Novice: 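This is the structure I have questions about; it appears just below.
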2 protein chains.
Amino acid sequence: MGLPDDAAEARAQGWRTLAALHARIEDELERALQKQHGLSVSEYSVLDVLARQDDYHLRMNQLSNAVVLSQSATTRLVNRLEDRGLLQRYLCPTDRRGIYTEVTEAGRDLLDQAQPTHDAVLTAALEKAADLPELAPLVDALGKLSLKV
Amino acid sequence: MGLPDDAAEARAQGWRTLAALHARIEDELERALQKQHGLSVSEYSVLDVLARQDDYHLRMNQLSNAVVLSQSATTRLVNRLEDRGLLQRYLCPTDRRGIYTEVTEAGRDLLDQAQPTHDAVLTAALEKAADLPELAPLVDALGKLSLKV
DNA sequence: GCGCTATGATTGCGCATGCAATCATGAAGA
DNA sequence: TCTTCATGATTGCATGCGCAATCATAGCGC
């Protein structure tokens, strides 16, 4: 191990790489999902997260945490999706403060349509990033993550 | 290699991990830098990127690319920092369409103050993330990135 | 030199976000 | 039961962002 400052600089470097890769991918996803399905990345995430739940529902709180947004942003995000009929709210029967959100049939349909776009854009973005020397190592590391399972 | 769908799911999984880690770190950096130095993460990035240049300056275009923001966002970001005296604009002498931005003395001072905060929060955030099983592998991979140098 | 297109940066506008305050419900204690 | 505090969600407000249109300068062909 080098000097403490070296370690800090290494972490900062890693963070810059992570942030750059993230921003580029998100940018492309945002554009593609928006144009082809009228969904923002956040909106897609919500549908995706909910659909991935065994019983398709989650409380607002858990949802905020899952998509890493503030409570207020989550409220409005859910409003937008509810207005479009992609999900439904309903009161938690045991604690009426809590509110569950649940993807609707229409929501799952839209998600099914958007998923291929999402995957294709993601794959393309990763390939493009792999060509940039400063991002390639992270792309590589990312690819190896799930092999451990 | 598994079925194509497996590969796509693996990439999606990697992306979710990356996005989650990024969001958590950025969240904490944002709060800490804002509270202690009145800087957003974007603003910090601009100062950091500029200070890292050999001659401390960059064109608007390059800056947009470096911080992965739109041109308009970059214009306004630079406006804010210029208003606070943290950087200066000046016309490119050879091409008067181009505009250089350069950190000022005050900008470097503020950056010097903010850097320790940045590093400390980053370190803490990474440690916290390493405790979450779903993020730990990526944190680990990130740590190994710069060792290859 | 004069138009035409390309490039770099800025501005108008609508929208999503975070913070802080607020409202609604639940839980605990006198 | 009534009060008080904690928890979950929503709303008012200010702000930063992206897109598209615009302005300024450069470069090319005539």
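Predicted model only: the values in this text are computed from it and were never measured. Chain letters run A, B, ... following the sequence lines, proteins first, then strands; residues in each count from 1.
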Novice: Let me check something: do B:V121 and A:L18 share a hydrophobic cluster, defined by ILVMFWY side-chain heavy atoms less than 4.5 Å apart, either directly or through other members?
Specialist: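 Yes, B:V121 connects to A:L18 through the hydrophobic network.
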
Novice: Would you mind telling me which of B:T74, B:L69, B:V78 makes a side chain to side chain contact (heavy atoms under 4.5 Å, CB included) with B:S64?
Specialist: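 Exactly one candidate clears the test, B:T74.
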
Novice: In sequence, state the C-alpha distance, the side-chain angles, and the governing distance for A:E9 and A:R16, and then conclude on salt bridge (Lys or Arg N to Asp or Glu O under 4.0 Å).
Specialist: CA-CA 10 Å; A:E9 175 50 26; A:R16 283 193 294 272; 3.0 Å; yes

Novice: Using whole Å, report how far CE of B:M60 lies from C1' of D:dA24.
Specialist: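 Taking CE of B:M60 and C1' of D:dA24, I get 15 Å after rounding.
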
Novice: Which ones in residues 90-100 of chain A lie close to DNA chain C, meaning a heavy atom under 4.0 Å from one of its atoms?
Specialist: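 Nucleic-acid contacts, sorted: A:D95, A:R96, A:R97.
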
Novice: Please list, by residue number, the residues of residues 64-78 of chain A whose heavy atoms come closer than 4.0 Å to an atom of DNA chain D; answer none if no residue qualifies.
Specialist: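 When residues 64-78 of chain A is checked for heavy atoms under 4.0 Å from DNA chain D, the hits, listed by number, are A:Q71, A:S72, A:T75, A:R76.
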
Novice: Indicate yes or no: at least one non-hydrogen side-chain atom of B:D48 is less than 4.5 angstrom from one of B:Q115.
Specialist: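 SC-SC contact between B:D48 and B:Q115 confirmed.
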
Novice: Would you please say whether a donor-acceptor pair under 3.5 Å links the side chains of B:S72 and B:S70?
Specialist: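 On atom types as modelled, these side chains qualify, holding a pair under 3.5 Å.
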
Novice: Given side chains that start at C-beta, do those of A:R84 and A:L110 come closer than 4.5 Å, heavy atoms only?
Specialist: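 Side-chain contact under 4.5 Å: yes.
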
Novice: Will you find, in the side chains of B:N65 and B:R59, an N or O donor that is under 3.5 Å from an N or O acceptor?
Specialist: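 No, no side-chain donor-acceptor pair sits under 3.5 Å.
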
Novice: To the closest 0.5 Å, what do you measure between CH2 (A:W15) and OG1 (B:T123)?
Specialist: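 So the gap between those two atoms works out to 12.5 Å.
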
Novice: Using the side-chain hydrogen bond (donor to acceptor under 3.5 Å, both in side chains) rule, collect all pairs that involve residues 90-99 of chain B, keeping only residues at least two apart or in two chains.
Specialist: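 Non-adjacent pairs meeting side-chain hydrogen bond (donor to acceptor under 3.5 Å, both in side chains): B:H57-B:Y90, B:D95-B:R97.
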
Novice: Among residues at least two apart in sequence or on other chains, which ones pass ring pair (Phe, Tyr, Trp, His ring centres under 6.0 Å) with B:H37?
Specialist: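 Expected list: none.
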
Novice: Can you give me the first and the last nucleotide of DNA chain C (5' to 3') that has an atom within less than 4.0 angstrom of a non-hydrogen atom in chain A?
Specialist: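 Footprint of chain A along DNA chain C, 5' to 3': C:dA16 to C:dG26.
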
Novice: Hey, can you pull the residues of residues 26-43 of chain B with a non-hydrogen atom under 4.0 angstrom from DNA chain C?
Specialist: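 Contacting residues: B:R31.
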
